[in-house]
Amino acid sequence: ELRRFRRALLARMWRAEHPHPLALSPDLHSLSRLRDTFFHPLEHEYDLLEVAAMLDRLNLRCVGVDVDTELLRLFAAALPGRDPKDLAAWRRVTQPNVRPGLLLI
């Protein structure tokens with residue numbers, strides 16, 4: 001069922017004049033992520049400021065952000081001297097659909 005759903009969804013997106021950005025999402029290219037994205041009843045996505053607030057409230061700190069080297073280079077160029085563990089700084093340099101992948105706390 002999931003494979004059929006994904007196939008139909010991708011076919012519809014790629015037929016459009018301008019393919020929908022979701023067609024490039026890693027959530028469509030892994031069955032477990034597809035299931036979580038479309039069929040999980042409690043799916044919730046947090047933005048970086050919300051994550052920073054949760055860490056602060058729990059007296060935790062971000063010890064690293066796992067991103068590809070190109071995104072890290074863009075961060076350093078945009079905000080020289082800023083710590084990549086500063087989630088508020090990441091919020092300033094990323095678009096809503098470009099996020100650091102894994103936050104380690």
Side-chain angles (χ1 to χ4, degrees):
E1 285 295 310
L2 284 175
R3 285 186 175 98
R4 189 173 30 235
F5 171 79
R6 178 177 57 191
R7 215 175 6 256
L9 185 63
L10 285 171
R12 188 173 190 176
M13 287 180 183
W14 287 112
R15 276 195 307 263
E17 183 176 334
H18 301 288
H20 192 280
L22 184 61
L24 301 175
S25 170
D27 290 338
L28 291 183
H29 302 283
S30 156
L31 288 180
S32 62
R33 289 179 72 164
L34 177 81
R35 184 181 302 108
D36 284 346
T37 300
F38 289 96
F39 301 105
H40 194 279
L42 300 176
E43 184 72 23
H44 184 81
E45 192 171 293
Y46 297 97
D47 70 27
L48 294 176
L49 295 179
E50 290 173 307
V51 171
M54 284 187 263
L55 291 174
D56 188 50
R57 188 170 50 253
L58 296 169
N59 200 28
L60 298 172
R61 63 185 174 88
C62 178
V63 297
V65 181
D66 183 357
V67 296
D68 69 31
T69 54
E70 179 63 17
L71 191 54
L72 191 56
R73 187 188 66 72
L74 291 171
F75 175 90
L79 297 169
R82 293 299 293 267
D83 187 347
K85 294 179 282 192
D86 179 352
L87 299 182
W90 275 106
R91 179 77 161 109
R92 288 188 208 112
V93 297
T94 58
Q95 299 299 318
N97 61 343
V98 179
R99 298 180 189 93
L102 175 62
L103 303 176
L104 304 171
I105 54 172

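On a predicted model such as this, the values are computed, not experimentally measured, just so you know.
A 4.5 Å side-chain heavy-atom check between M54 and L60 finds every atom pair outside the cut-off. Considering only heavy atoms from C-beta on, L55 stays 4.5 Å or farther from R61 through its side chain. Counting only heavy atoms from C-beta outward, the side chains of F39 and L2 approach each other to under 4.5 Å.
With sequence neighbours excluded, the residues forming a salt bridge (Lys or Arg N to Asp or Glu O under 4.0 Å) with R82 are D86, listed by chain and number. Scored by the salt bridge (Lys or Arg N to Asp or Glu O under 4.0 Å) test, R15 finds no partners at all (sequence neighbours excluded). In this structure R12 satisfies the salt bridge (Lys or Arg N to Asp or Glu O under 4.0 Å) test with no other residue, sequence neighbours excluded. Listed by chain and number, the residues in a side chain to side chain contact (heavy atoms under 4.5 Å, CB included) with S32 are S30, R35 (sequence neighbours excluded). Residues passing the side chain to side chain contact (heavy atoms under 4.5 Å, CB included) test with E70, sequence neighbours excluded: D68, R73, L74.
L49 and V65 fall into different hydrophobic clusters, where Ile, Leu, Val, Met, Phe, Trp and Tyr residues are linked whenever their side-chain heavy atoms come under 4.5 Å apart, directly or through other members. Clustering ILVMFWY residues whenever any of their side-chain heavy atoms sit less than 4.5 angstrom apart, transitively, puts V51 in the very cluster that holds L72.
Closest approach of K85 to C62, counting heavy atoms only: CD-O, 3.5 Å.
Considering CG of D56 and CG of L87, their distance stands at 11.0 Å, rounded to 0.5 Å. We find the CE-CZ distance between M13 and R6 to be 12.0 Å, quoted to the nearest 0.5 Å.
Sorted by first and then second residue, the pairs that involve residues 63-89 and meet ring pair (Phe, Tyr, Trp, His ring centres under 6.0 Å), not counting sequence neighbours, are F75-W90.
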